[in-house]
Amino acid sequence: MAAMNIEQLSADMPLKPLYVVHGEEDLLRIEALDNLRAAARQQGYLNREVHTAENNFDWNEWLQSAGSMGLFADLKLLELHIPNGKPGKNGGEALQHFAQQLPEDTVTVIMLPKLEKAQTQAKWFDALAANGIMLEAKAVGAAALPAWIRGRLKKWGLEIEDDALAVFAERVEGNLLAAKQEIDKLALLHPKGYWLNMADAESAVANVARFDVFQLAGAWMKGDAQRVVRLLDTLEAEGEEPVLLLWAVAEDIRTLIRLTAALKQGQNIQSLRNSLRLWGEKQTLAPMAANRIPIGRLLQALQTCAKIDRMIKGAEEGDAWTEFKQLVMGLAI
């Protein structure tokens, strides 16, 4: 059928026979399921059946159950949760068969996590996409977060000044669930039509920013030194060990070295995307970083990574966190 903006789901929308919810943002997936359940209740789909495809899941039994009607032929909401996003051979075949013969008087919701590229190119996924509504819960990154917050506030009838919005986004970055909770709290504190100002944001919005270690890549590749400092300070304050951080940065440095060599040989980004795993924003940021950072600095940075690794393992003296901060700051400048 078609893809649909997950933010446009509502409890009063007409329902289609099949919805597939997937993506990395947990809050958006949870909200999507809640909205679909509410819509189903309002439209008479009161017979709810939930299945979770884990180890030893019987796909043939699920197909039979999915196609069966209740004693009084009630309208049915059928939920299928696949926590790891990998149905396997039997599951893939069952999903293809199901998608091509959707049961009558049934609304089906298939819940999936973030999928790898290979999974989205699988035949079972294509079959679901061809016959259902696809709802992707994309991550709301730093660049998109202010607009997301403003949009959510507008749903409550609230407006916000630009400087207050910047403070709000900074304090909840990386924690969308906390952002939603703060928005709901502000809606309780203020009437519709109210303009939130800096004082409102500072007093009401808790500092609940939670940074993922892989956000570092986007910051230093972009050359955003101020953001790099904030990310590192937050991660260190939260007790994050530098082991995973170092691994992620070292992998990205190796990618830039290979990218630089390939570009010099006349290859283009599109041909390198899969082999170098340049997906998402890295497809844009990696070439920018490769152009900005000389190959000599990248090679030296890789040597520094090895030195920090020895510090972490106790094979060399020094403060791993201090050295790591200097390394990443050097890459961002």
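Both backbone and side-chain heavy atoms feed into the values below; hydrogens, waters and symmetry mates do not.
Residues passing the side-chain contact (heavy atoms from CB on, under 4.5 Å) test with Ala142, sequence neighbours excluded: Glu173, Arg227. Under the rule for a side-chain contact (heavy atoms from CB on, under 4.5 Å), the partners of Lys325 that lie at least two apart in sequence or sit in another chain are Leu232, Asp233, Glu236, Trp321.
For residues 29-46, every residue pair satisfying the salt bridge (Lys or Arg N to Asp or Glu O under 4.0 Å) rule, not counting sequence neighbours, is listed here: Asp26-Arg29, Glu31-Arg152, Arg37-Glu79. Residue pairs meeting the ring pair (Phe, Tyr, Trp, His ring centres under 6.0 Å) criterion with at least one member in residues 177-197, sequence neighbours excluded: His190-Tyr194. Contacts classified as salt bridge (Lys or Arg N to Asp or Glu O under 4.0 Å) and involving residues 93-103 (residues at least two apart or in different chains) are given here: Lys89-Glu93.
Interatomic distance, CD of Glu136 versus CD1 of Ile6, reported as 8.5 Å (0.5 Å rounding). If you take CG on Leu63 and CG on Asp58, they are separated by 9.5 Å, rounding to the nearest 0.5 Å.
Closest approach of Phe168 to Ala179, counting heavy atoms only: CZ-O, 4.1 Å. Here the closest non-hydrogen pair linking Arg292 and Ile333 is NH1-O, 3.5 Å. The two atoms that bring Leu158 and Pro191 nearest to each other are CD2-O, 3.2 Å, heavy atoms only. Minimum heavy-atom separation, Val205 to Glu182: CA-OE1, 3.5 Å. Summarising the geometry of Leu78 relative to Ala66, their closest heavy-atom pair is CD2-CB, 3.5 Å, with the distance given to 0.1 Å. Listed here is the closest heavy atom pair of Ala169 and Ile149: CA-CD1, 3.7 Å.
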Any chance you could lay out the side-chain hydrogen bond (donor to acceptor under 3.5 Å, both in side chains) test for Gln119 and Trp124, step after step, and finish with the verdict? CA-CA 9 Å; Gln119 292 162 283; Trp124 62 265; over 6 Å; no
Between Glu25 and Lys138, does a side chain to side chain contact (heavy atoms under 4.5 Å, CB included) hold up when you go through it step by step? CA-CA 6 Å; Glu25 192 55 72; Lys138 297 179 181 178; over 6 Å; no
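In terms of modelled atom types and a separation under 3.5 Å, the side chain of Gln101 and the main chain of Phe98 share no donor-acceptor contact. At distances below 3.5 Å, at least one donor-acceptor pair connects side-chain atoms of Asn131 with backbone N or O atoms of Ala127. Between the Thr234 side chain and the Arg230 main chain, a donor and an acceptor come within less than 3.5 Å of each other. Here the side chain of Asp200 pairs a donor or acceptor atom with the backbone of Asn197 at under 3.5 angstrom. Formation of a donor-acceptor pair under 3.5 Å by the Gln267 side chain with backbone atoms of Leu259 is not found in this model. With hydrogens and angles disregarded, no donor-acceptor distance shorter than 3.5 Å links the side chain of Arg150 to the backbone of Asp162. Under the 3.5 Å distance criterion, the side-chain polar atoms of Thr304 are matched with a main-chain donor or acceptor of Gln300.
Within 6.0 Å of atom CD in Gln100, more than 12 heavy atoms from other residues, nucleotides or ligands are found, so the atom counts as buried in its surroundings. By the 6.0 Å contact criterion, NZ on Lys185 is enclosed, its count of non-hydrogen atoms from other residues, nucleotides or ligands being greater than 12. Residue Lys155 places its NZ atom among more than 12 non-hydrogen atoms of other residues, nucleotides or ligands, all under 6.0 Å distant. Within 6.0 Å of atom CD in Glu61, 12 or fewer heavy atoms from other residues, nucleotides or ligands are found, so the atom counts as exposed in its surroundings.
Transitive grouping of hydrophobic side chains (ILVMFWY, heavy atoms separated by less than 4.5 Å) keeps Tyr19 and Val50 in distinct clusters. One hydrophobic cluster, built from ILVMFWY side chains closer than 4.5 Å, holds both Val20 and Ile82. Leu46 and Met13 fall into different hydrophobic clusters, where Ile, Leu, Val, Met, Phe, Trp and Tyr residues are linked whenever their side-chain heavy atoms come under 4.5 Å apart, directly or through other members. Both Leu298 and Met288 belong to a single network of hydrophobic side chains, linked directly or stepwise wherever heavy atoms of I, L, V, M, F, W or Y lie under 4.5 Å apart. Under a hydrophobic clustering in which Ile, Leu, Val, Met, Phe, Trp and Tyr are joined whenever their side-chain heavy atoms come within less than 4.5 Å, directly or via other members, Val249 and Ile295 fall into the same cluster.
Between Leu299 and Ile257 there is a side-chain heavy-atom pair separated by less than 4.5 Å.
Other residues sharing a hydrophobic cluster with Val167 under the 4.5 Å side-chain heavy-atom criterion for ILVMFWY residues are Met198.
Ion pairing between Glu49 and Lys76 holds under the 4.0 Å rule for side-chain N and carboxylate O.
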